Each structure stands twice: as C-alpha cells, then as structure tokens.
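Quick caveat: nothing in here was measured; it's all calculated off a predicted structure.
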Amino acid sequence: MSAEYDIANPGAAELFESLRAFGYDLPTALADIVDNSIAAKARNVWIDLIWAGQDSRIMIRDDGEGMSEAELVQAMRPGSMSPLAQRSANDLGRFGLGMKTASISHCRCLTVLSRSANASNAVRRWDLDYIASTGTGEWRLLKGADLVADGDLALLDKQASGTVLFWDRLDQLVGSASTDDEIAQKHFRERADLVKQHLAMVFHRFLTGRNAINIHLNGRKVEPWDPFMEDTEALDPLPTETLSADDARVEVKAFILPHHSKISAERHALGAGPNGWNAHQGFYIYRNRRLLVAGDWLGLGMQKEEHFKLARIRIDLPNSADISWQIDVKKSRARAPAKLRKDLQRIARTARGRASRIYRHRGKILQRQHGDKQAFLWTHLTKHGKTFYKINRDHPLVRKVLNDSVDRDASLALLNLIEQTVPAPLIVINNAESPDGFGQPFEGASGELRKAMEAVYSALRHKGHEPASAARELMGMEPFNQHPELIAGFLDEVAIAVGTKEYERGVE
C-alpha cells in the first residue's frame, strides 16, 4: 500500500529547548547519569562539581566498559532506544533519553569522552548554542578529540575503559554569576549536599554487599542510606508478599522501624533520612534495586501522619513492569496498577496499624503515669435551676490568646457571644434522633488536632512550664487525652528536641 506523506523533521534547536523542560532537579539528573554507569558495569563513579562562576562545570566519570565511536553516536541520539524494546533484566534505562535530557536540563554544552577496551578515545558534543546559531535546524553532533582539552583527555589514561561527561555552561545552576559571588557559590555547594543525600538513598542497595560499587562526590565516598534500617536489631519486619499484575511479579515487604527509645540518638537521626521521619513514611518503589519513589502512600487514600512514621514498605519491580506502573522518563514517579491497589491498601493498613500501636501503647502508659490532671475547654454551670456552658478562661490557650489580644474587650465579647449562642436545643434534638451521629472532636482531621496540640503546648511553655511539665499538662487535657498515639508521637519530638534524657528525667 502506498501513501502520500511529508517529511516533518523537528528542528534541533527548538526540540532541545523543549527537552530541557522535563523537570529534572540536579540530584535526579545526576542519578540518571549514574544509571548509565551501572549499566556499563562500572565499579566506580566519580562526580565533581567544580565552582568557577559562570565557567563552573560538572564532570561525571566512570570505569565502565566505555563506548566505541559507533556506540557513542548511537548513545547521543535522543531516543536512542524504544521504550517498547526488549531489555536485559538488569537494565536501568527505558526511554533512551536519560543521558541527554538529564544533562541538557542543566547545561547548554554536553561533551562525552569514552573509550572501550583496546580502542581509541571517542568524543561527541551537543552544543545547544552552536546548533541554534546555524539556523539550519540540523542535528549537528560535534566530533573530534580537539573538543576536549589535553588535561581532560588524560582523565581516562589510567583506565582500561570508561566514560566521562562534561557539563559546561550551567545556565540553570549558575547562570552568569561571577567567581566571587558568595551567594551563588553557597547555592552551588548546597546543591552538592543534596546530590550526596539523593545518591546515598537512590543507590543504597548498590553501595553495599560483595559486588558494591563506589560513588565519589567531590573526592569523598558516598555512604549508603538504608530507609529500612535492616542492620538494626529492634527492627520489626513483616513477611514478604509476592503480587502479580500484567505478567509482572512484584515483591512487597513492610518494615516497622524501631521507636527512638530503642536505638541511639545518632542512629535515630540517621534513620530520619534527608527529609525527616514523617516525610519518609510509606512505600518505597525499586526497579532493579534502584529506588524510584521514596516514601509515598501512592494515592491509596492514606495521609502521612505522625503516628505512622515508623511504617516503611518496600516494593521491588522488574523492568518488565514499567508500563503497568507508569514509570516516567526521570524515573522518579510510579503509579500502582489498579489490580494491585486493594492488596497494597491491605499491606499498608497492616503496617500502619502496627506502627500506630507503638505510639498508642506508649501514649497510654504516659497517660496512666501522668494523666491525673484534667483541663477542660468548656465548664458546666447551673444557675437558678438552668444549665449554662462557659469557655474556661483558665485554659492555657484561651489565657494566652486573651493576653496577646490587641483588643481584649473584643476577644472577651467574642467568647461571651459563643457561650450565649451554643445551639443547645438543636443539639438535644439531634442527639435524640441520631445518638450515634455525632462526630468526635477532630475526627478525620489529625492535622488540625496536631496544630491545636502544638498551640496548647506553646501556650504552656509561654506560661513558664518546663518541657516535661508542659507535657504532663498536655496528657491530661481534652481532647488530646483521647488520642494517646498522637500525644506520644508529639512528645517524642519534644523529647528529641530538648534532649531525651533531660526530658525523661523531668517527666518521671
């Protein structure tokens, strides 16, 4: 069958500028480059972020298998491999875009130097400014050893094989900053710290064990960060489950991490991870042992809450599950197939329940020990045989609000108005018609409850209470005393902030 058609090749300059907008941040972009090094069987990866103002550059070097001239040209093609193509079981790539899009998202000049065993150096460069200057729309991939300075060529001299990427003209990261721009330099250094944390997390399973690789950032070895703390005795793992969807088998294993009282302060601080304990609860999705998603409840109708922060669940995917799990180009997002959502919800509820019980048990113990005082927001009065309800002016938060009020008379008038307009008749009718229809205080609103808890604690501290004394008061107050797991989680944070030993001596 013949068909009429036009050739509609995309303009190189225009498409390159579009590809820059994939949304890579620097840690994610560099992780994508490390994927290629691992795929090339590298044992070492060296990453250097070199500050020199607008001439700053980033270099990524590995001692992998390297590439021949023909292989390098193919690797430099945008879309060098179809995402539908059959890949080896251990391949970390998918779209054939990673090296190019990750690189040009941060630099306007990408140069790759590579050498395979018993072969000479191969050099290719994408220079976005050069391509735009030609005005032809052609995909001109520059070549030639003269593109790389002698000192840079020497980087591979002591290796049998390997690859080096040079990122120059870092317009996204540095722009036109001068060498002595302290603010820009500080930002540059801070980004390097974030890169280190990200690589330690994403590749932690590659950085340990007998066949471990080494990643060096600015001359220092990156140490792995294991979100599951598997070397900790107090860890409470659940059995591994194997689930199947679209002919791809995935393994799911939940871990309940130890309460901070069971481990050292240093170990607890390390376990918090780059973003803190609350942020790192949830599912961790790995593809061929490489971390894609770090701590997320995957849209399963669950929120990140204080008393679930010890629950972390590992999902291991093969790369044959890419389509069903909707893996994106940046390898930083995945979505659970509909077929697995119920099973994942069940596993998550089990893990969250066990994590919550740690805090509920601890909260009840605290309440039994120190919950003898009761501080109510509402007080009940009887006058001339009639019942009235008044807001307790001695409640610490009420007192603080009144004391801090610019217009105390207006604040008192508001409290009086609330007291005088309590819809008591409607409450009585509704209770008679639907006695089980009343919601509990802060029901389904743990975030607001947490904010109220923080405000009352702050008011107690403002009143002059020491941390331990404020904690004792809080444990006896309504409605916080109905949520022992939230109290325990909040007070644990207080203990960590002021020093666990000092705090616990005050509570005893």
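- Residues Asn214 and Leu207 fail the side-chain proximity criterion, which asks for heavy atoms closer than 4.5 Å.
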Handout entry: Candidate pair Arg287 and Asp35, rule salt bridge (charged side-chain N to carboxylate O under 4.0 Å, His left out), full reasoning
Key = CA-CA 11 Å; Arg287 175 182 179 268; Asp35 286 340; over 6 Å; no

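- Put simply, CG on Leu170 and CZ on Arg191 are 12.5 Å apart, with the number rounded to the nearest 0.5 Å.
- Trp225 and His280 have their aromatic ring centers within a separation under 6.0 angstrom.
- Formation of a donor-acceptor pair under 3.5 Å by the Lys100 side chain with backbone atoms of Ala75 is found in this model.
- In summary, the side chains of Gln159 and Arg115 do not present any donor paired with an acceptor at a separation below 3.5 Å, with no hydrogens or angles considered.
- Among pairs with a residue in residues 256-280, those fulfilling salt bridge (charged side-chain N to carboxylate O under 4.0 Å, His left out) read Asp231-Arg267, at least two apart in sequence or across chains.
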Problem - Residues Trp51, Gln185; criterion side chain to side chain contact (heavy atoms under 4.5 Å, CB included); working and verdict - result: CA-CA 7 Å; Trp51 170 256; Gln185 184 174 7; 3.6 Å; yes

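- Looking only at atom types and distance, the side chain of Tyr457 has no donor-acceptor partner in the side chain of His462 under 3.5 Å away.
- Under the 4.5 Å side-chain criterion, counting only non-hydrogen atoms from C-beta, Asp171 is not in contact with Cys107.
- Considering every non-hydrogen atom in both Asp62 and Ser37, the closest pair reads OD2-OG, 2.7 Å.
- Two residues are said to be in side-chain contact when any heavy atoms from C-beta on lie closer than 4.5 Å; His307 and Lys309 fail this criterion.
- Looking only at distances, a side-chain donor or acceptor of His106 sits under 3.5 Å from a matching main-chain atom of Leu26.
- For Ala192 against Leu217, the heavy-atom pair with the smallest separation is O-CD2, 3.4 Å.
- Side chains of Ile33 and Ser103 form a contact here, defined as non-hydrogen atoms less than 4.5 Å apart.
- In this structure, Arg61 satisfies the cation-pi test against Trp46, with its NZ or CZ atom closer than 6.0 Å to the six-membered ring centre and inside 45 degrees of the ring normal.
- A donor-acceptor pair under 3.5 Å is absent between the side-chain atoms of Ser244 and the main chain of Arg249, judged by distance alone.
- Side-chain atoms of Asp63 come within 3.5 Å of backbone N or O of Arg43 as a donor-acceptor pair.
- Not one N or O on the side chain of Asp296 forms a donor-acceptor pair closer than 3.5 Å with the backbone of Phe283.
- Two residues are said to be in side-chain contact when any heavy atoms from C-beta on lie closer than 4.5 Å; Ile47 and Leu199 meet this criterion.
- Here the side chains of Phe166 and Leu110 are not in contact, with every heavy-atom distance at 4.5 Å or above.
- Remark: the backbone N or O of Pro258 is not paired with any side-chain donor or acceptor of Thr232 at under 3.5 angstrom.
- How far CZ of Arg290 is from CD1 of Ile285: 12.5 Å, rounded to the nearest 0.5 Å.
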Practice task
Go through the steps to decide whether Val112 and Val164 satisfy the test side chain to side chain contact (heavy atoms under 4.5 Å, CB included), and finish with yes or no.
Solution key: CA-CA 6 Å; Val112 181; Val164 190; over 6 Å; no

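- Counting only distance, with no hydrogens or angles, the side chain of Asn218 and the backbone of Leu49 share a donor-acceptor pair below 3.5 Å.
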Practice task
Run the numbers on Gln345 and Met302 for side chain to side chain contact (heavy atoms under 4.5 Å, CB included), then give the verdict.
Solution key: CA-CA 9 Å; Gln345 285 175 330; Met302 303 173 184; 4.3 Å; yes

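- When atom types are taken as modelled, the side chain of Ser356 and the backbone of Arg352 share no donor-acceptor pair closer than 3.5 angstrom.
- Taking 4.5 Å as the limit, every side-chain heavy atom of Met453 sits out of range of all side-chain heavy atoms of Val456.
- The pair Arg312-Asp226 fails the salt-bridge criterion, with no side-chain N (NZ, NE, NH1 or NH2) lying under 4.0 Å from an Asp/Glu carboxylate O.
- Checked by atom type and distance alone, the side chain of Arg341 pairs as donor or acceptor with a backbone atom of Gly299 at under 3.5 Å.
- Shown here for Glu466 and Arg461, the closest heavy-atom pair between the two residues is CA-NH1, 3.8 Å.
- A cation-pi arrangement is present between Arg289 and Phe206 under the rule of less than 6.0 angstrom and at most 45 degrees off the ring axis.
- Without hydrogens or angle criteria, Gln303 side chain to Glu305 main chain gives no donor-acceptor distance under 3.5 Å.
- With a 4.5 Å cut-off on side-chain heavy atoms, Phe255 and Leu238 do not count as touching.
- Here the closest non-hydrogen pair linking Ala348 and Trp297 is CB-CZ3, 3.7 Å.
- With ring centers used as reference points, Phe203 lies 6.0 Å or more from His198.
- Rounded to the nearest 0.5 angstrom, Leu344 CG and Lys339 NZ are separated by 14.0 Å.
- Taking the six-membered ring where the residue is Trp, Tyr284 and Phe228 present perpendicular rings, their angle passing 60° and hence far from 30°.
- Rounding to the nearest 0.5 Å gives a distance of 7.5 Å between CD of Glu190 and CG of Leu194.
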Problem - Working for side chain to side chain contact (heavy atoms under 4.5 Å, CB included), residues Trp277 and Leu257 - result: CA-CA 10 Å; Trp277 279 95; Leu257 274 59; 3.6 Å; yes

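- To the nearest 0.5 Å, the span separating CG on Asn44 from CD1 on Ile215 amounts to 10.0 Å.
- Closest non-hydrogen pair, Ala248 versus Ala321, comes out as CB-CB, 3.8 Å.
- Exactly one residue among Arg314, Lys253, Arg346 makes a salt bridge (charged side-chain N to carboxylate O under 4.0 Å, His left out) with Glu241. That residue is Arg346.
- We find the CG-OG distance between Asp32 and Ser105 to be 9.0 Å, quoted to the nearest 0.5 Å.
- In terms of heavy atoms, Ile347 sits closest to Ala254 at CG2-CB, 4.4 Å.
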